[in-house]
Amino acid sequence: LAGGVVHVGLFGFEEDTFAVAAAEAVFPELPMRTWFDQAGILVSRSAPNAAVPLAAAFKGGHNAEHHNHNDVGSYVVGVAGHAYVLDPGGEVYTRRTFSAQRYVSPVLNSHGHAVPVVAGQLQRTGASARGRVLASEFSDDVDRLVLDLASCYEVKDLEVLERTFEFRRAEGAIVVEDRVRFASPQSFATALITLDRTHWRAPDRLVIYDHRGALEVAIAVEGGAWTGAIEDIDNPGRPTPRRLGVALDEPVREA
């Protein structure tokens with residue numbers, strides 16, 4: 001300290017031994033899947049010789065995790081190392097982030113994640129809002145995981161909400177299917193989240209793309225007519241996520 005002033009010098013340098021070790025490192029080949037059964041997280045990857053490397057991560061878990069987001073059932077899809085469907089991540093921390101108003105944030109609540117909106121309700125918070133694993137089947141051709149998401153929503157008339165995730169290596173495709181049943185007609189919607197550009201190629205076909213490649217999204221709905229809508233999600237100080245919403249036009253008993 002000299003005259004109440006603190007000087008801190010930061011200098012970058014290269015360590016020869018580190019550079020040599022990094023260049024000579026041999027990284028093991030990743031398996032076609034990694035299944036974290038206690039956390040309810042599945043990571044599926046293409047076969048090593050796939051023409052287009054495709055990967056996806058699918059999340060069960062619950063809504064009382066460390067630094068929690070309300071995101072049970074959300075997923076990420078990558079092509080050749082780039083995530084075209086993703087979790088938008090956190091927000092720039094403010095007083096609200098760690099207060100009772102935490103889930104006002106659209107990137108912390110379930111509106112900013114690739115999960116359903118059920119009877120107008122977003123997912124609730126807490127350990128009892130949980131993705132219960134109903135089935136898991138893994139093979140070289142297909143990885144399949146089925147979750148019961150009903151406990152994540154405070155909707156009295158919700159009888160069934162199951163999300164099935166299939167990673168179809170032979171086809172180079174991923175299928176996410178929601179099955180919902182109500183005691184009385186209710187609204188239902190779901191969404192994908194991206195940071196990339198989008199283009200409606202047809203009424204039921206959307207392309208998410210950038211300068212490196214693209215992901216085509218085909219949408220099929222049984223149970224009623226539907227409407228697609230794209231909206232920007234407010235996240236000041238961070239890249240703006242885009243929510244690709246799919247909403248049934250009328251309340252339904254089943255879809």
Side-chain angles (χ1 to χ4, degrees), residues 10 12 30 34 36 39-46 52-117 122-123 125 131 152 163 165 167 173-174 176 178 189-201 205-219 227-247:
L10 303 175
L30 290 169
T34 306
F36 301 93
I41 296 174
L42 173 65
V43 182
S44 294
R45 308 174 183 91
S46 295
V52 178
L54 187 65
F58 185 63
K59 179 187 179 298
H62 58 79
N63 282 336
E65 294 162 344
H66 296 299
H67 292 271
N68 181 69
H69 294 193
N70 290 340
D71 60 355
V72 177
S74 62
Y75 57 96
V76 174
V77 177
V79 179
H82 176 72
Y84 289 94
V85 174
L86 47 66
D87 182 309
E91 62 179 3
V92 174
Y93 287 168
T94 66
R95 181 181 299 176
R96 184 187 72 180
T97 308
F98 300 101
S99 74
Q101 300 301 308
R102 175 179 178 84
Y103 295 105
V104 170
S105 167
V107 297
L108 303 184
N109 67 33
S110 66
H111 183 75
H113 293 86
V115 299
V117 178
L122 301 179
Q123 289 189 3
T125 303
C152 299
R163 171 162 281 192
F165 173 83
F167 189 92
I174 293 161
V176 180
D178 292 330
T190 190
L192 295 84
I193 308 297
T194 188
L195 289 173
D196 291 310
R197 290 174 285 180
T198 58
H199 170 66
W200 286 100
R201 177 174 288 178
R205 206 162 290 263
L206 178 74
V207 177
I208 304 172
Y209 69 99
D210 68 354
H211 67 282
R212 290 161 288 198
L215 180 74
E216 185 177 65
V217 180
I219 302 166
T227 299
I230 299 174
E231 67 171 290
D232 289 345
I233 298 175
D234 187 42
N235 193 19
R238 295 283 175 87
T240 301
R242 310 190 78 196
R243 185 178 190 275
L244 316 178
V246 175

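Note that the numbering runs from 1 along the sequence shown for the chain.
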How far apart are the closest heavy atoms of [X] and [Y], and which atoms are they?
{"X": "N235", "Y": "P239", "answer": "ND2-O, 4.3 Å"}
{"X": "I174", "Y": "A56", "answer": "CD1-CB, 3.6 Å"}
{"X": "S46", "Y": "P53", "answer": "OG-C, 3.8 Å"}
{"X": "V176", "Y": "R163", "answer": "CG1-NE, 3.7 Å"}
{"X": "V76", "Y": "A83", "answer": "CG1-CB, 3.9 Å"}
{"X": "R205", "Y": "A218", "answer": "NH1-CB, 3.7 Å"}

Is any side-chain heavy atom of [X] less than 4.5 Å from a side-chain heavy atom of [Y]?
{"X": "T198", "Y": "I208", "answer": "yes"}
{"X": "L122", "Y": "V117", "answer": "yes"}
{"X": "L54", "Y": "V77", "answer": "yes"}
{"X": "N70", "Y": "N68", "answer": "yes"}
{"X": "V72", "Y": "V115", "answer": "no"}

Distance in Å, R95 CZ paired with Q101 CD, rounded so as to fall on 0.5 Å steps: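 Result: 12.5 Å between the selected atoms.
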
Rounded distance (nearest 0.5 Å) linking atom CG of L86 with atom CG of L195: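 CG of L195 is found 4.5 Å from CG of L86.
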
Can you tell me if [X] uses its side chain to pair, donor with acceptor, with the backbone of [Y] under 3.5 Å?
{"X": "R243", "Y": "H111", "answer": "yes"}
{"X": "T97", "Y": "T94", "answer": "yes"}
{"X": "D71", "Y": "N109", "answer": "no"}

R201 atom CZ, neighbour heavy-atom count above 12 within 6.0 Å: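 No, not enclosed.
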
Residues R212, Y84; criterion side chain to side chain contact (heavy atoms under 4.5 Å, CB included); working and verdict: CA-CA 11 Å; R212 290 161 288 198; Y84 289 94; 4.0 Å; yes

CA sep, side-chain torsions, deciding dist, call: H82, D196, side chain to side chain contact (heavy atoms under 4.5 Å, CB included): CA-CA 10 Å; H82 176 72; D196 291 310; 2.8 Å; yes

For T240, side chain to side chain contact (heavy atoms under 4.5 Å, CB included) partners two or more places apart: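 Residues passing side chain to side chain contact (heavy atoms under 4.5 Å, CB included) with T240: D232.
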
Parallel, tilted or perpendicular: rings of H113 and H69 (30°, 60°):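 Ring orientation of H69 relative to H113: perpendicular.
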
Whether F165 and Y75 hold their rings parallel, tilted or perpendicular, with breakpoints at 30° and 60°: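 Taking Y75 first and then F165, their aromatic rings sit tilted (interplane angle of 30° to 60°).
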
Step-by-step side chain to side chain contact (heavy atoms under 4.5 Å, CB included) determination, L108 to R96: CA-CA 11 Å; L108 303 184; R96 184 187 72 180; over 6 Å; no

Residues D87, I193; criterion side chain to side chain contact (heavy atoms under 4.5 Å, CB included); working and verdict: CA-CA 7 Å; D87 182 309; I193 308 297; over 6 Å; no

Note: E91-R238 ion pair, threshold 4.0 Å (strictly below):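 Salt bridge absent between E91 and R238.
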
